[in-house]
Structures are given as C-alpha cells and as structure tokens.
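Every chain is numbered from 1 and lettered A, B, ... according to where its sequence line falls, protein lines coming before strand lines.
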Amino acid sequence: MLFQQYKDMVYKIAYFMLGDAEEAEDALQEVFLRLYKALPNFDSQKAAFTTWVSRITMNYCLSQRRKRNFSALSLEKASPLLIDKNSSPQGQLELEEEERAIHQALQRLDKKLRAVVIMRYYLELPYAEIAQALNIPVGTVKSRLNLALKALRRELETRGVLR
Amino acid sequence: MRCDKVKELLLAYLDEEVDSSDRALIQAHLAECEACRQELAILSRLRERISQHFQVQASNLSPSPQAWSRLEANLSEALRLSLFQRLIVTLARAKQALLPQGKLALKQGGILAAIGVLLVIVGALVFIPSIKVQAEGIIAQWLHLKAPAGSPKFKIILPSSELDFNPLYPTYLPSGLIYTVEGGVRGAKAFRQVYGGKDWFVEIVQLKASAYKPLPSGQKVSINELPATLKTGLQGKFKPIPDFKMEGHGLFLPVYSYVNGKQLTWYVGEIKVEMLSNLSVEEMLKIAKSMKPQERR
C-alpha cells in the first residue's frame, strides 16, 4: 500500500526540511493528498517513483513558511536522540550535542540549499535525479551543494563540531 | 588544473559526479597539492558527518500512529469537495454553452447570478445530504485495496428521499463485485441501482407502476412466479453514472461496451422493475429472483 510504503520517507524528508515533528505530520497529510490526486499523472518513463514522491514532498516543503522559529525548539524536538540525558555517559552527551548542532546548522540553511543536501546525503540521489525532481539544471545542484556545505562547514567549525 | 578550480569540483569528485577526464586532472592535482588534499579531507569528513546525522536522526523518526486515520478522513473530505467542485464547474460550463455567442458579455451578470443560485441549490439539494460517498470504500479504491469477497470496493449513494415507494434490493450478486451506485433518478421518481465488476454490470431501474401494467414485447419468462419479458441481443455502451465525468476523482468506473445485452422487465406489486445487463440470462434471473424490499435507507 502506497501509504505504508512511503509514509516514513515522506515524514522524514518533511521533518528534515521543516525541522519540526508537528509540521512534518501536517506535511505527511498534505503530501499524500497531493500524491493520490497526482497518481494518474505519474509517468514511470519520466522518473522513478521514489524521485516523484520526493519531488512532491520537497515542493510542498519548499512552499511552506516556517510556523515556528527552530531556535526556540526544545532539545527533545531538536534532536530525537535526546531521550534520557541524565543517564547518558559523557561520549553520548557529546554526540547528542553534535547532533543538535548539525540539526540547527541544517535548519539555518536557506531551504533551497537544505533541499539539495537532504536529497543528496539522506536520499542519496544522484545529481541528475535531484535536478529532475527539483526542476533545476544539474549545474545548479552542484553549486547549491557547494554553497550548502560551505555554510555548514563554517557553522560547525565555529561550534567546534568539525574537528 | 588550478587550486580554485579543483576546490570547486572537490565535492562533486567525492560524490562521484565528475567525468573521467576531470577526475584524472583532479587526482593529478591532489597528488601534488597538500592544501587541496587537506580541503578534500575536511570536505569528506563533513559529508560523512551529515550523512551520519541523517541516518541517526531518521532511525528515531516515525509518523504518529494516528496518521493513517487522519489521512482517511482528509481523503474522504477532499473527494467530497472535489465531486462538488466538479459538479459546479460542469453546471457553469453547461450554462455558458447554452448562451448564444456574442450575448455573453451582456449576460455575465446573469451567469454569475445563475451560478450563485446553482451553488445554493446544489449545495442544498446535492452537496449536503446527497453524494454520501462511503469513505472507506473510496479510499480502498484509491489505494487499490482488495475488498473482502462479496462486498463492493466502494459504494456511491445518490439522493432518493423523494421516492414514494420502497425499492427492492438484490440479495444475490455475482462474484467480482467492485462497486455499487444507488439513488433516485428522473426527478427522484425512479430508483436506479448499478452493480458492477470488471467485465460485467447490472442496472436496475424501479419506478412506481400505474394501474395499467403492460410488459414490453419479448421472450416470456417467470420471476418468482410473476410474468416477465426478456429482450436479448441488445448492443450499446453503458456508463455507471451517465451524466457525470468520473475522471480525476480517483473513481475509475469502467465504461462497458456490450454486444449481447439483455433486458428483463417485470412488476412486483406497485413497482415496475427493468434490469439491463451483459451477464448471462441465468445470472440475471438469479439476481431478479433474489430482489427483496428493505428498510428505507
């Protein structure tokens, strides 16, 4: 079933794009409504189904204005890893701190840059598929990735995450 | 290749997105340039750390257990609205098509008023109580779920509140039933039922009979000891909902072309029943014999 098969993927992309669990839940609903409506128009000759689903998800997320300021997120919301801070050993705390820093750095990126980072380093799509999904040239994918990683590097170096 | 050009290509190089000639040039440059090798190492660590971050986070993320039930409700609402909007557009277009060309501008106010009136009428008569699309059935169709044997995948109920008789419902239908359409037609003076599978359909129209009960010409048959006539060899196309375009609503009702259609006509008390189908005569008689009144729905 379509929903069972793709709900996690859609939800996770939406969470990474929007930075908030509640907004990702809303996105999941809206994206699946769009998916079901657009299903008769899906052309397997033009794109892989996963690319098509990611395209609809990304287009929805890119059209959204952030409802909340991510910097106001609680630690738990900012990183689902932070389950029980009291019982964490030092190493775990450091890892969690790093995760939170990366999450925040990603959320500070321009959403167009964040989209290509997610598609490349989470979905592991090749540049050509990212270009197709976002309807941009491959050269733009390359330049956005370069810009995104430069910005992430600057931010994470400042926070001492990237050593 | 110069350092600035190499640095520009390092990420694509790590992502294996450079062509073989650039790859060779980059590798040759890296072999000799310590600064670019350091840049490559930093970029590689950053890239891996971001990938790792996504994997770690993703393993802890999942939508709420209520997501599906929420979506079911949203889908049925979207479908209901979509049917309504489509109906309005169709009615508005029909209205425009009926106007003579050239008089359109003069009649714009009239059109708007007509659409406004239509909105109210359709809203009152059609939208609110009528197209009660059973959500779980429609969603099952959208998701291509298999319905339990013997039950339709979805059901469309059109208004029949004006009906002045208690219609009959078949208690037997052939296997492979996908959908049913039931509701009032001809100003809700008649009751129309359609039951269909992939390759077969049965349309049953019932209306209150006058005192004079003529049967059309045809082969004489008997249904529960009541006289009936059967016409065979009918040809044509059958649409489950004749005046409504179903495309775009996720409702993929088939259109049937039939070459050996049959029509069965008989009376049950005050009700005249007409059945059209592309099934065999035996199946049609079996359905006809199974028809019984139910509580008004």
Determine whether [X] and [Y] make a side-chain contact, defined as any pair of heavy atoms from C-beta on separated by less than 4.5 Å.
{"X": "A:L28", "Y": "B:L71", "result": "no"}
{"X": "A:E98", "Y": "B:Q52", "result": "no"}
{"X": "A:V117", "Y": "B:F54", "result": "yes"}
{"X": "A:V141", "Y": "B:E17", "result": "no"}
{"X": "A:F16", "Y": "B:L61", "result": "yes"}
{"X": "B:Q55", "Y": "A:Y122", "result": "yes"}

Name the member of B:L46, B:D15, B:I50 that forms the most heavy-atom pairs with chain A at distances under 4.5 Å.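 Looking at each of B:L46, B:D15, B:I50 in turn, B:D15 comes out on top.
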Whether the side chain of A:Q29 engages the backbone of B:A67 through a donor-acceptor N/O pair (distance < 3.5 Å, no angle test) should be reported.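 Yes.
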Which portion of [X] sits near chain B, non-hydrogen atoms under 4.5 angstrom:
{"X": "A:E157", "answer": "side chain"}
{"X": "A:Y11", "answer": "side chain"}
{"X": "A:L156", "answer": "side chain"}

Roughly how far, to the nearest 0.5 Å, is the NZ atom of A:K7 from the CH2 atom of B:W68?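 Taking CH2 in B:W68 and NZ in A:K7, the distance rounds to 11.0 Å.
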A:L145 side, atom CG; B:L14 side, atom CG - distance, nearest 0.5 Å: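 It comes to 11.5 Å.
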Test: B:E8 and A:K142 ion pair at under 4.0 Å: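 A salt bridge is absent here (no side-chain N lies under 4.0 Å from a carboxylate O).
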Please step through side chain to side chain contact (heavy atoms under 4.5 Å, CB included) for the pair A:K12 and B:Q57, ending with a clear verdict. CA-CA 9 Å; A:K12 287 169 188 182; B:Q57 297 275 313; over 6 Å; no
Heavy-atom count check: over 12 atoms from other residues, nucleotides or ligands less than 6.0 Å from B:K7 NZ?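 For B:K7, atom NZ is crowded (more than 12 foreign heavy atoms under 6.0 Å).
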